Novice: 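Can you read through this structure? Questions will come right after.
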2 protein chains.
Amino acid sequence: MRMPRKSTREVIVETADKLFYKGGFAATSFADIAAQVGISRGNFYHHFKTKDDILDAVIDRRLGDRRAMLDDWTCSSSDPRERIYAFVGIVIVNRSDIMESGCPVGTLASELAKLDHGARERAAAILDLFRRWLGEQFRLAGAERADELALHLLGWSQGVAVLASALRDEAYIRREVARIIAWVDAQLARPIGEEL
Amino acid sequence: MRMPRKSTREVIVETADKLFYKGGFAATSFADIAAQVGISRGNFYHHFKTKDDILDAVIDRRLGDRRAMLDDWTCSSSDPRERIYAFVGIVIVNRSDIMESGCPVGTLASELAKLDHGARERAAAILDLFRRWLGEQFRLAGAERADELALHLLGWSQGVAVLASALRDEAYIRREVARIIAWVDAQLARPIGEEL
DNA sequence: GTCTATAAATAGATAGAC
DNA sequence: GTCTATCTATTTATAGAC
């Protein structure tokens with residue numbers, strides 16, 4: 001397995017990804033990114049012509065990252081319920097970051113929607129990635145209306161991230177995750193029933 | 001009932017409120033607000049010294065607005081269940097704006113959390129207003145753990161707003177609202193039971 | 001590929017005339 | 001209270017040397 005040294009371009013994208021998450025897209029400047037990377041602003045423009053170019057690269061990176069994560073979960077367990085648990089678990093694993101900056105995917109999509117930015121749809125595609133994967137898991141588990149359950153769960157976790165960052169309330173996160181797990185179990189226990 | 005002409009200050013706050021909602025706090029400049037109000041930038045500074053000052057005024061305005069709205073709902077019905085329905089109903093009533101720009105309260109709190117802005121707590125206080133009011137309604141309706149139900153409902157509606165703006169999916173909003181109504185009914189039907 | 005220097009536009013903010 | 005003019009810092013972006 002080759003382990004090439006990261007190219008400057010890769011470092012820029014990696015850094016921009018983090019800064020866009022921690023501070024938002026609009027509030028993060030080229031100077032911020034260049035300073036964090038440790039290169040001059042001039043060099044920066046050798047790699048990316050515009051701010052939108054680097055946003056595109058960041059979205060691509062996140063798409064790849066999340067795809068890899070989902071593939072990982074798919075391989076790690078053959079039980080779709082366990083896989084859904086893995087999804088829910090990231091809220092706990094990343095709770096510190098979430099309480100500071102919300103969900104990386106949700107907050108970017110929200111911000112781009114507000115800016116009426118052309119990249120909104122590409123950011124939404126990351127959410128769609130989760131939606132389709134979750135839908136597949138619910139389907140494999142034999143649930144009815146799997147895609148609606150998937151979207152419900154995705155929205156639920158987004159709501160948890162919003163309130164968690166707004167209120168900085170870890171107990172709330174843990175309560176909601178327990179609630180989600182119980183809900184998932186209820187869905188998979190009675191695939192035809194009237195569920196909420 | 002007196003109906004004084006709006007002061008310039010009031011118009012500025014009103015306009016800033018709308019622009020902060022539609023475009024975000026960081027991405028909205030003094031020039032944007034001044035242009036929309038139809039005054040010079042110089043005059044602007046006569047009313048507000050800094051951008052944070054106007055943010056404070058916008059948050060105050062929203063706090064007052066939402067307080068009045070909650071009071072209104074409290075007066076309009078003596079049935080706490082109906083009052084909760086009124087809360088859920090705003091997601092439908094405001095669906096167009098929500099699909100464009102998300103929830104005004106949630107997106108501002110999210111953005112300020114990300115910016116690590118001092119006003120984050122004041123923005124979160126608006127969410128807390130809803131939380132306490134909803135908690136009171138669940139309590140009046142005889143539900144157990146009323147405050148947790150309130151926070152759950154608040155987070156749920158925030159999640160709906162995030163996905164609605166990211167995916168621009170109106171059918172999703174309507175499905176979730178129906179789901180919320182059914183959930184509320186389930187909570188109030190069995191105040192002691194194990195609920196999800 | 002990386003740097004310095006610099007341009008052009010925009011941001012937040014102030015001074016002072018009317 | 002409102003305006004014009006101005007200031008300073010920052011932001012995006014380019015030119016050209018090394």
Side-chain angles (χ1 to χ4, degrees), chain A residues 3-59 61 108 111-112 114-120 123, chain B residues 3-61 108 111-112 114-120 122-123:
Chain A
M3 196 61 179
R5 199 171 82 268
K6 279 175 198 161
S7 68
T8 300
R9 194 196 144 91
E10 283 173 313
V11 177
I12 290 174
V13 175
E14 200 177 292
T15 305
D17 188 346
K18 201 180 85 185
L19 292 181
F20 286 173
Y21 174 41
K22 290 298 179 185
F25 171 67
T28 301
S29 70
F30 277 24
D32 293 331
I33 303 169
Q36 180 74 26
V37 173
I39 60 170
S40 68
R41 270 159 295 162
N43 187 7
F44 192 97
Y45 282 91
H46 173 74
H47 298 281
F48 296 96
K49 300 286 178 218
T50 69
K51 206 179 176 185
D52 287 351
D53 283 348
I54 190 164
L55 175 61
D56 276 339
V58 166
I59 293 175
R61 182 187 148 88
L108 181 63
E111 184 177 3
L112 296 182
K114 204 160 269 227
L115 296 173
D116 205 19
H117 195 289
R120 191 204 99 248
Chain B
M3 197 62 181
R5 200 170 84 266
K6 280 174 196 161
S7 68
T8 301
R9 194 196 146 92
E10 283 174 314
V11 177
I12 290 173
V13 176
E14 199 176 292
T15 305
D17 188 346
K18 201 180 86 185
L19 292 181
F20 286 172
Y21 174 41
K22 290 298 180 184
F25 171 68
T28 301
S29 70
F30 277 25
D32 293 332
I33 303 170
Q36 180 75 25
V37 173
I39 59 170
S40 67
R41 270 159 296 161
N43 187 8
F44 192 97
Y45 281 90
H46 173 74
H47 298 281
F48 296 96
K49 301 287 180 218
T50 70
K51 203 179 177 186
D52 287 350
D53 283 347
I54 190 163
L55 175 61
D56 276 340
V58 166
I59 292 175
D60 281 340
R61 181 186 148 87
L108 180 64
E111 184 178 4
L112 296 182
K114 205 160 269 227
L115 295 174
D116 206 19
H117 195 290
R120 191 203 98 251
R122 299 194 61 238

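Nothing here was measured: the structure is a model prediction, and the numbers come from that model. Labels below follow one simple rule: chain letters A, B, ... track the order of the sequence lines, proteins then strands, and each chain is numbered from 1.
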Novice: Are OP1 or OP2 of dT2(C) and a side-chain N or O of His46(A) less than 4.0 angstrom apart?
Specialist: no
Novice: What is the distance from CZ of Phe25(A) to C1' of dT12(D), rounded to the nearest Å?
Specialist: 12 Å
Novice: So do Val13(B) and Glu10(B) actually touch side chain to side chain, heavy atoms under 4.5 Å?
Specialist: no
Novice: Look up atom CG in Leu112(B) and atom CZ in Arg120(B), then write down how far apart they are to the nearest 0.5 Å.
Specialist: 9.0 Å
Novice: Atom OG in Ser7(B), atom CD in Glu14(B): separation rounded to 0.5 Å?
Specialist: 9.5 Å
Novice: For the residue pair Leu55(A) and His117(A), establish whether any side-chain heavy-atom pair is separated by less than 4.5 Å.
Specialist: yes
Novice: Return the nearest nucleotide to the side chain of Ser40(B); candidates are dT4(C), dT2(C), dT4(D).
Specialist: dT4(D)
Novice: Are Lys114(A) and Glu111(B) within salt-bridge range, i.e. N to O under 4.0 Å?
Specialist: no
Novice: Mind calculating the distance between CZ (Phe44(A)) and P (dT11(D)) to the nearest angstrom?
Specialist: 13 Å
Novice: Using the salt bridge (Lys or Arg N to Asp or Glu O under 4.0 Å) rule, collect all pairs that involve residues 41-60 of chain B, keeping only residues at least two apart or in two chains.
Specialist: Asp56(B)-Arg122(B), Asp60(B)-Arg122(B)
Novice: Can you tell me the distance, in whole Å, between the CD1 atom of Ile33(B) and the P atom of dA11(C)?
Specialist: 11 Å
Novice: Got a list of side-chain donor-acceptor pairs under 3.5 Å for residues 21-39 of chain B, not counting sequence neighbours?
Specialist:
unit_1: Tyr21(B); atom_1: OH; unit_2: Asp97(B); atom_2: O; d: 3.1
unit_1: Tyr21(B); atom_1: OH; unit_2: Gly102(B); atom_2: O; d: 2.6
unit_1: Lys22(B); atom_1: NZ; unit_2: Asp97(B); atom_2: OD1; d: 2.8
unit_1: Lys22(B); atom_1: NZ; unit_2: Glu100(B); atom_2: OE1; d: 3.4
unit_1: Thr28(B); atom_1: OG1; unit_2: Leu19(B); atom_2: O; d: 3.3
unit_1: Thr28(B); atom_1: OG1; unit_2: Gly24(B); atom_2: O; d: 2.6
unit_1: Ser29(B); atom_1: OG; unit_2: Ala31(B); atom_2: N; d: 3.4
unit_1: Ser29(B); atom_1: OG; unit_2: Asp32(B); atom_2: N; d: 3.1
unit_1: Ser29(B); atom_1: OG; unit_2: Asp32(B); atom_2: OD2; d: 3.2
unit_1: Asp32(B); atom_1: OD2; unit_2: Ser29(B); atom_2: N; d: 2.9

Novice: I need the CD-C1' distance between Glu10(A) and dG1(C), as an integer number of Å.
Specialist: 15 Å
Novice: Using a 4.0 Å cut-off on protein heavy atoms (strictly under), produce a 5'-to-3' string for nucleotides 12-18 of chain C with B for base contact, S for backbone-only sugar-phosphate contact, and - for none.
Specialist: BBB----
Novice: Quickly work out the His47(A) NE2 to dT12(D) C1' distance and round it to whole Å.
Specialist: 17 Å
Novice: Got a sec, which residues hit salt bridge (Lys or Arg N to Asp or Glu O under 4.0 Å) with Arg9(B), two or more places apart in sequence or on another chain?
Specialist: none
Novice: Heavy-atom contacts under 4.0 Å between residues 11-23 of chain A and DNA chain D, which residues?
Specialist: none
